[in-house]
Structure formats: structure tokens, C-alpha cells
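Structure first, then comments.
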Amino acid sequence: MSILIKLKGIKRYYDVGGEVVRALDGVDVAIDHNEYISIMGPSGSGKSTLMNMIGCLDSPTAGTYEFEGELVHDMDDNQLASIRNRKIGFVFQTFNLLSKATALRNVEVPLIYANIPRSDRIERAAESLEAVGLGDRMHHKPNELSGGQRQRVAIARALANKPSIVLADEPTGNLDSKSGVEIMKIFDDLHGRGNTIILVTHEEYIAEHADRTIHIFDGKVKEDIANHNNRREPVPT
Amino acid sequence: MSGHLWENLRISFSSILANKSRSILSVLGIVIGVLSVTLMGTMISGLDATFERSMSSFRSNVLFVSRMDWFGGDWDWWEFRNRPRIKEEYGEKLRVQSQFVEAVAPATERSGRIIRKDRQIDTRFFGTTPEYLATNDAIEIAQGRFFTEGENRSGSRVLVIGADIKDALFDNQDAIGQYVKIGNHKFRVIGVSGKMGKFMGLFSLDNQAIIPFGTFKRLFTRRGWMNIRLKVDGDRIEEAKEEIRGHMRVIRGLKPTEDDNFALNHSSTFEAQYRAIKLAIGGTGIFITALSLIVGGIGIMNIMFVSVKERTREIGVRKALGATQRTILAQFLMEAITICFLGGLFGMGVAYGLSTIINRFFPSVMPIGLALGAIFLSVMIGIISGLIPSSRAAKLDPIEALRYE
Ligand SMILES: Nc1ncnc2c1ncn2[C@@H]1O[C@H](COP(=O)(O)OP(=O)(O)OP(=O)(O)O)[C@@H](O)[C@H]1O
Ligand SMILES: [Mg+2]
């Protein structure tokens, strides 16, 4: 099987008032199936830009991106949407839930775009919420939920279509440490079941959950190392 | 569009409900547009129905020899004043001379009051001959009979009353054989005519009484206007008109250089006039409709731009979760269509309410086809005015949209 994600010489430049901002400046990264990766680096170093690139939300100024052996550059809107819908689950730092919709409706959204019939959809959305421990909060709206609960809704939504890859940009950044630990348990659990996890974090203790940490600095990969002292406990079943 | 139709419909409804007053304001133009075109249609249908019914008493096979044109346009008052009166004998002359005339009835008319005991009614009554029945297809004698030639000659005091007069003076009692008074003259009711309705919604054809021409001449010395009804071959009206005009000119002794000093009227002059009125109403209605629909379309476009702007972040999230450009386009188009459809429906509802009120004054029906057409038009306007904002939403860059504050 080919490598899952392969970035080669990826550059992403922004033109801000005539000045070029090099958010990514030649990134080479390869990620395989079922890897657990954390991305670290100072603010403004290009972590989010890299995540968006991996998630097929952004396209590079230069360089090539192969997803499952196919060039993302050659894909049209439908193919990109389909990858985002079925293969990738996004978790954002700011949750990005639809504020007027219930937790269940939020989780239904990716299933709608996957053309899952309504009855299956509701069932699967409910299952997904139960899996993150929110079976009793399905009909609550985001403003009726705590930050940790909101992030769990966002995770349930990211997982609704059973994507193999989960991308999380500072998923615990807006949470207290207790909620953060709960969220990390979910990611560890997912990894244990064969998912590929990529998460951005500023916290060393969060990064340590991963098997491998990529350090970004000024849009370049500074360090890409395996975590040998992995302290993770086995996932309870 | 796509399989997300119901989903998009659901999103549209919740978005519209979340911004009720804004939605109502933006759709006002559409509402007024649909309302005006539907009301216009109702009006015209009512006019049509009324006109049809009214015209049957002026059957297209009847020519009227009158002193003036019904719709002359430029009447010269002095010329008109100097015109000789129409005389009863013209009828008999024309009957002999014209090959087109099938029946002749002079008719003269005045208004007055009919009294029975303590009841009375103001009405119009006119004098004519028994042949009148042959020149009016609309009238029908519901009870009793029409008067005879003998009664006409001898000036008998008999009359045929309209349905309204019968109701006003007799309620449910039998009117036949009863006596009523016109001024100081006692008349015997010999017939009641069937209901005919109103003429052009103006005056009731059922509030009129018919007395023998001979009687009219004897009792009412004041010489009112008279016209002569000529029943002719309905398929050769124009020919008949020309021929009769020639005879009339001879009767009047006009030189070739002189203008006619009489008029030959025909229901087609009513029809022409009616068509002009209809055109005016239709034109006004269409103008108002077009204007309000254009304004409505601009309103919808504006509100859709606002909606897209407000939901930029939502669009970013949806794209990140797998929405295609098409799906986003369809979502916002659906919203524009839904607003316009609801607006159109509302306009039609109001129009229906108003049409039932109009119907009380003059009979009319709301043309459902036109109303549905108007709603279809509002949906089209929804599509047209929603297209630019929706495609702007569809083309949003997901990252930009997600970063939008
Ligand atoms: N749309 C944009 N237009 C202009 N510059 C941008 C844009 N997006 C990102 N940048 C710039 O690119 C650089 C990298 O941004 P990015 O969001 O990837 O940083 P980050 O590592 O995620 O930082 P943080 O830890 O604060 O989230 C920054 O200097 C930022 O100002
Ligand atoms: Mg970031």
C-alpha cells in the first residue's frame, strides 16, 4: 500500500500589501496509515496552514501533495469535497459548530453530504455522539453545552463518516486541562482502533500522546522525531 | 439540483424563520407583485362575466336606431341638440324597405315610481311593442304573460314587472292580476320577467317595468328619447348597418353632402369600449406587477448578499465537512426560492381574500391559473436574484471563510 500523505517542497505564500508572507516555505513530510502525529511550533510558524494543506482545504503555491498516491493538485471541487467528507475528519480549536443547530443536527451535516438516507443518518449521528459520551446531550444546542462538550460534539461530527484520518488543530487549546485529558483519551482510543491522527498543539504533555512529533519553525520542518518515551497507557476497552 | 433538496429546504426555512421581519420586508415587492397581477386578473374575469351577461340583452343581432352614438367621442352639443327625434314610424318603414330587418320594436323610457298600497319602488319603465320579445334574447317571462298587440293598440293599463319590483312590492305573493299605481294611473300586473342581473354592474335589469307603447304615448306626454330596436341577421351586421343607414338617410331626406343626423348603434361599440377598459386595467396591472417584481427581485438579491455574508463561517465549516460548490449554491438558491415562493403564496392568499370581498360587489372569480403563473414567476425571480449571491457563496475559499470573523 502506498504512503497515505506525501508532501514535497510545499510552499504557501501570502501576499499581504505587497509583502510576501511565507506561511509554509518548502515542507517535506510523509505520513503513513495509523500514525499518531503531533505538530508543534511557535505561533505563526505555519502549523494551521500545514493542517489546512493536509486537509485539502488549501492549495500550495508550489510543491506537490499526494493523498493515497493521487495528486491533490489534479483533483476537482467534487473530488476534494469527497475526500474532506469521507476520508478526513476535522476538529477545530474554536469548535466551529453550527450555533442554531442541535448537537445531533451538527453531527448529521457530514452524513448529509455523504448522501446517507435520513433514518440511517440519525442513527449514525446518535451513535457517534454516544461514542464521545454525549448520548444525553443530543438535542442541546452549542450554547447549552460546556467547552469540553462542544469539542466532543465537534469530534463526533468529525468521526460521523468514519474517516480514517483525524486532523485536529489545537483541539484542547480552548479547554481546561481536565476536559483536555478527556479529549485526548478519545484521540488515543481512535488511534488504537487504526485511525491516523494528526494534531497541532502547544503543550508538551499533549504532544507526548503521539508517536511522532513534527516541529515547525518559520514555515519549515525543523525537527521530525519519534517519541521513544511514549508514556501512553493501553486503551481500556 | 442535488439530493440535498429536503435538507436545503430545511435550512432555508430555519434561516427565514430566524430572520422573520427581515425576510418579510425583503419579500414585500414579490407579495405586491403577485397581489396586483392576481387582483387584476380577478377584476378582468369579473368584468368579463358581467359583460357577457349584460351583452346578452343587447344581442349582437340587434341594431339600435338612436339619436346619438353611445360612444361618439366628439359630440357636438349643438349639432346633437338640433338633430330630429327618432320617430316610431321609422321602424315600420325600415321593416318594409330593408331586406335585413327581422323584427322591429320601438322603445322609449322614463323613470318613475311604482306604488302598491304602502309600498313603493323607484324604477325605470319603458314602453315598447309585443315584438320587443323578438328583439331581446335575454328577457324571459317567468310568470304570467307579455302584453298583446291589441292591448298595445288600445293603450291598456297593463305592465310586466322585473323580478326586483316583484320582490319589493309583493314579497312571495302572486303578483299576477294585482294592481299597482304609476303616478295616478292604475296598472294591472300581467307578467313578471325572470332575473337578468345587472348591466355592467351598474343598474339592475330586474328593476324595470315594461308597458305597452300605446299606453306610454297616451299617458306620458313628455317626449323622452326613443330608439328603435331592429333585429337583423347576426352574421351580416355590417351589411345590414350600411343598408339601413342608406334607408335612414332617405327617410331623413339628407343630401349626399350632409352628415348623418341619427345614429346606428350596435353592441360592438360596447365591446370596443369594453376592450379599451380591459386593456387599461390589464396594462396598469402589468405595469404595477412588473415594477414591484423588479423591486422585489432587488430586495431578494440584497437580502441574499446579507445572508451569505452573515454565514460566511458556516459556509467554511460546511465546505470543510464535505459540501461541494454545487451544494452550497443549491442551499442559497433554495433559500431565495423559498422566500419568493412563500411571498408569492402570501400575495395569492391576500388576493384571494380581497377577491371574495370584490365578489360581493360584482361577481368575479380569482383566476387560479394566473395566480399560479404569478407564483411561478416569483420563483423564477428568486432564482434570478439569488443566483449571484449564491454563486458568490459557492465560490468562497474554505480557509478564508473559516477565518472570517
Ligand atoms: N490568509 C492569510 N493571509 C495572510 N497571511 C496569512 C494568512 N493565513 C496565515 N497567514 C500568515 O501565515 C503565517 C502562518 O500562519 P498559521 O495560522 O499557519 O500559524 P500557526 O502556526 O497556526 O500559529 P498559531 O499557533 O498562532 O495558530 C502567519 O504569519 C500568518 O500571519
Ligand atoms: Mg494555528
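In what follows, chains carry the letters A, B, and so on, assigned in the order in which the sequence lines appear, proteins first and then strands, with residues in each chain numbered from 1.
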- Aromatic ring pairing B:His4/A:Tyr113, orientation class (parallel under 30°, perpendicular over 60°, tilted between): perpendicular
- Can you say whether A:Ser48 sits under 4.5 Å from chain B via the side chain, the backbone, both, or neither, judging by heavy atoms? neither
- Task: Mind ranking B:Gly316, B:Pro398, B:Ala320 by heavy-atom pairs under 4.5 Å with chain A and telling me who comes out on top?
- Result: B:Ala320
- With a 4.0 Å cut-off, would you call B:Arg326 and A:Asp77 a salt bridge? no
- Task: Give, for atom NE2 of A:His33 and atom OG of A:Ser164, the distance between the pair rounded to the nearest 0.5 Å.
- Result: 7.0 Å
- Task: Please flag which part of A:Arg157 lies under 4.5 Å from any non-hydrogen atom of chain B: side chain, backbone, both or neither.
- Result: side chain
- Where does A:Leu98 contact chain B at under 4.5 Å (heavy atoms): side chain, backbone, both or neither? side chain
- Task: Can you measure from CG (A:Leu190) to CD1 (A:Ile165) and round to the nearest 0.5 angstrom?
- Result: 13.0 Å
- Message: I'd like to verify something: which residue of B:Lys319, B:Arg10, B:Arg311 has the highest number of heavy-atom pairs under 4.5 Å with chain A?
- Response: B:Arg10
- Would you call B:Arg22 and B:Glu310 a salt bridge, using N to O less than 4.0 angstrom? yes
- Using a cut-off of under 4.5 Å on heavy-atom pairs, state which of A:Ile83, A:Thr49, A:Asn52 scores highest against chain B. A:Asn52
